[in-house]
Amino acid sequence: MAGISRPRGTEDLLPEPLARLKRVLAAGLQVAAAHGYRQIETPIFESTDLFVRGVGEATDVVTREMYTFPDRGGRSLTLRPEGTAPVVRAFWESPLRQEPLPVRVSYAGPMFRYDRPGKGRYRQFHQFGVEVLGESEPEVDAEVIGLAWRWLERLGISGTSLQLNSLGDRECRPTYRAALLEFFEPQMAALPELDRERLRRNPLRVLDSKELADDGLLDRAPRTIDYLCSECRAAFDRVQEALSALGIPFAVNHRLVRGLDYYARTAFEVWHQELAGAQNALFGGGRYDGLSELLGYPPLPGVGFAAGLERVAMISAPAPEPGRPEVAVLSAPPADSKAAVALADRLRRAGLSVLLDAGARGLRGKLSFAERSGVRLALILGESELRARTVTIRRMAGRTQESLPLEGVEGRIRELLSSAELAEEGAS
RNA sequence: GUGGCUAUAGCUCAGUUGGUUAGAGUGCCAGGUUGUGGCCCUGGAGGUCGAGGGUUCAAGUCCCUCUAGCCACCCCA
């Protein structure tokens, strides 16, 4: 077809998928609220610098996945690729900074990454996430993970696994990094180009390597948890203990590193077995105690996660579309349709969801349309009704109908709608 | 960003070794029933065969480029 098609990697959210996405998000917001998290929203675009400094100059997100553009004032702006750096920025720029710590917030909205699209991967996608700012006790790490877990439970999603690791902090990570480099140094020449590149730019990333894992090389490579300083070690233990107290199963994954630079200590992802191998991460998160300083603010510890709503929605049950009309008002040609227009308006103002079909097509077509629209009652206004100042109410399910005076018909409609509900419940 | 597979009606798909006006099912619209819906019957609309170029007497079919989707990398949500 000729015409303009949507940009690559974007999607139109039609009623059913949209309803699913909204229900997934609503459940997340509810669980977050139950944990004392308040929802905020940050702008969809930010200063490019926020992400360059926050996410890290060498990361894939910054080097090749950002939608960056100059505005008319010459500022460099970027469509947000993630939500954590903006939340930290918003904290410092708002009265939130005066509130007692820790501050717990949730957020949701579209994110943008110029990635190659695939199933479950979009250039514009939606995230729901939470952040705890100003608390370094490891129990909140477990709280955040627990919140995510309860969310999935509420949605009835199973087949997930929690992957957990500790990346160390500013004190012990350099030691580990050196040990990793030392381990690979002797065989540098024999390594695939991609892995040499990783070792050069971001050594921890080699732990992601597929080839090296297949070679068994990674099994012998140094593990982060063997190099943790005593504080990080103790914190990691406490996270695990708290997760056990919550009854949440997890797997310690020594190769989990995560792509953004700001993570320290706790890192985690939740995977789902049914999603495509490459896109199996439902959400990911961790602790980012150094992020605030990277952005030029005072030190502020933090921990959080972000979930991909599309991916969660993909594996959740279909959701009923909200706001489907329950009543249709039909004019019956050749009768004048003004009365039908007026009746529909009256019912809507009385709080009913009303579909109006006042066109020229015959009653047969209109009833057919009403049927397929899923309404439970059809109100027919034809010549005989207009003469008698009545309306015919037809119950779609039973194919029975009655004639009532036009005035005060709302009460009978409500009565029928609620009794129809009872009938449906009784039947099922 | 790399490699591979794919692209025909709104949707799911046929379309022979290149050979006349490109089909089916479903959906949509209308009629059968001029005021009564789910089934049935009849008819209709809807395609520049993803886009552009090339080979050929002739291209939906073969070749090239582009675009888009999917898969595997990469990486993440």
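Every chain is numbered from 1, with letters handed out A, B, ... down the list of sequences. Hydrogens, waters and symmetry mates are skipped; everything else that's a heavy atom, side chains included, is used.
A distance of about 50 Å separates the P atoms of B:rG18 and B:rA77, rounded to the whole Å. As rounded to the nearest Å, B:rC66 and B:rU2 have P atoms that lie 10 Å from one another. Separating the P atom of B:rC64 from that of B:rC5 is a span of 11 Å, rounded to the nearest Å. When the P atom is used for both B:rG1 and B:rC39, the distance is 49 Å, rounded to whole Å. When the P atom is compared between B:rU26 and B:rU21, the two are found 28 Å apart, to the nearest whole Å. Look at the C1' atom in both B:rG25 and B:rG15: the space between them is 15 Å, to the nearest Å. Taking atom C1' on both nucleotides, B:rU65 is separated from B:rA58 by 23 Å, rounded to a whole Å. Comparing the same atom, P, in B:rU42 and in B:rA68 gives a spacing of 44 Å after rounding to whole Å.
Across all strands, A:Gly374 comes closer than 4.0 Å to no nucleic acid atom at all (heavy-atom distances). Counting non-hydrogen atoms under 4.0 angstrom, A:Phe125 reaches a base of the nucleic acid. At the heavy-atom level, A:Glu385 lies under 4.0 Å from base atoms of the strands shown. As judged by a 4.0 angstrom heavy-atom cut-off over every strand, A:Leu330 is placed among residues making no nucleic acid contact. Here A:Gly382 lies in heavy-atom contact (under 4.0 Å) with a base. Base contact: A:Glu383 has a heavy atom under 4.0 Å from a base atom. Within 4.0 Å of A:Ala306, counting heavy atoms only, lie sugar-phosphate atoms of the nucleic acid but no base atom. Base contact: A:Ser384 has a heavy atom under 4.0 Å from a base atom. Counting any heavy atom pair closer than 4.0 Å across all strands shown, A:Met396 reaches a base atom.
In this entry the distance linking CD of A:Glu193 with C1' of B:rC73 reads 15 Å, nearest Å. Here B:rC29 presents its P atom at 5 Å from CZ of A:Arg372, a figure rounded to the nearest Å. As rounded to whole Å, 17 Å separates atom P of B:rC74 from atom CG of A:Leu204. Whole-Å rounding puts the A:Leu367 CG to B:rG35 C1' distance at 9 Å. Per the geometry, CG belonging to A:Leu363 stands 11 Å off P belonging to B:rU34, to the nearest Å. When the C1' atom of B:rG35 is taken as reference, atom CG of A:Leu386 falls 12 Å away, rounded to whole Å. Atom OH in A:Tyr114 sits about 10 Å away from atom C1' in B:rG1, given to the nearest Å. Rounded to whole Å, atom C1' of B:rC70 lies 11 Å from atom OH of A:Tyr122.
Ring planes of A:Trp151 and A:Phe305: parallel class, angle under 30° (limits at 30 and 60°).
B:rG37 has no stacking from A:Phe369 on its base ring, since the centres under 5.5 angstrom apart and planes within 30 degrees of parallel are not both found.
The two residues A:Ile393 and A:Arg412 make their nearest non-hydrogen contact at CD1-CG, 4.1 Å.
Close to B:rA77, at under 4.0 Å from its OP1 or OP2, lies a side-chain N or O of A:Arg258. Contact annotation: A:Arg113 does not reach the phosphate of B:rC74 (side-chain N/O to OP1 or OP2, under 4.0 Å). The side chain of A:Arg198 contributes an N or O atom lying less than 4.0 Å from OP1 or OP2 of B:rC75. Phosphate contact (OP1/OP2 of B:rC74, side-chain N/O of A:Arg205, threshold under 4.0 Å): absent.
In terms of polar N and O atoms assigned as donor or acceptor, the side chain of A:Gln401 never comes within less than 3.5 Å of the base of B:rG35 in a complementary pairing. Contact of A:Arg399 with B:rG38 (side chain to base): a donor-acceptor pair of N or O atoms is detected under 3.5 Å. Remark: the A:Arg116 side chain and the B:rG69 base include no donor-acceptor N/O pair separated by less than 3.5 Å. Residue side chain A:Arg8 does not reach the base of B:rU67 through any donor-acceptor N/O pair under 3.5 Å, judged by distance alone. No N or O donor and acceptor, one from the side chain of A:Arg364 and one from the base of B:rU36, sit under 3.5 Å apart. With hydrogens and angles left out, the side chain of A:Arg64 and the base of B:rC74 share a donor-acceptor pair within 3.5 Å. Not a single donor-acceptor contact under 3.5 angstrom links the side-chain atoms of A:Arg394 to the base of B:rG35.
Judged by distance alone, with hydrogens and angles left aside, the side-chain atoms of A:Arg395 form no donor-acceptor pair with the main-chain N or O of A:Arg376 at under 3.5 Å. A:Arg311 contributes no side-chain N or O that, together with a main-chain N or O of A:Leu282, makes up a donor-acceptor pair within less than 3.5 Å.
Across A:Asp208, A:Asn165, A:Asp219, A:Thr224, a single residue satisfies side-chain hydrogen bond (donor to acceptor under 3.5 Å, both in side chains) together with A:Arg255, and that is A:Asp219. A side chain to side chain contact (heavy atoms under 4.5 Å, CB included) with A:Phe69 holds for exactly one of A:Leu79, A:Thr78, A:Thr48; it is A:Leu79.
Base pairing of B:rG1 is made with B:rC73, judged by Watson-Crick or G-U wobble geometry with both donor-acceptor distances under 3.5 Å. Across all strands shown, B:rU56 has no partner, as no Watson-Crick or G-U wobble contact with both distances under 3.5 Å is found. In this structure B:rC29 sits in a base pair with B:rG43, meeting the Watson-Crick or G-U test at under 3.5 Å.
Of the candidates B:rG35, B:rC75, B:rG38, B:rC75 carries the atom nearest the A:Asp208 side chain, counting heavy atoms from C-beta on. Counting only heavy atoms from C-beta on, A:Lys119 has its side chain closest to B:rC71 among B:rC73, B:rU36, B:rC71. Side chain of A:Phe283, nearest nucleotide from B:rC75, B:rC74, B:rA77: B:rA77.
The nearest heavy atom of RNA chain B to A:Pro7 and to A:Ser209 marks one nucleotide each, and the one closer to the 5' end goes with A:Pro7. Comparing A:Trp271 and A:Thr392 by the nucleotide of RNA chain B whose heavy atom lies nearest to each, the residue mapping closer to the 5' end is A:Thr392.
Between A:Glu269 and A:Arg258 there is a salt bridge, since a side-chain N of the basic residue sits under 4.0 Å from a carboxylate O of the acidic one.
A:Phe45 CZ: 12 or fewer foreign heavy atoms inside a 6.0 Å radius.
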> Going through the checks in order, is the side chain to side chain contact (heavy atoms under 4.5 Å, CB included) test met by A:Val257 and A:Arg205?
Replying inline: CA-CA 7 Å; A:Val257 274; A:Arg205 293 243 70 98; 3.6 Å; yes
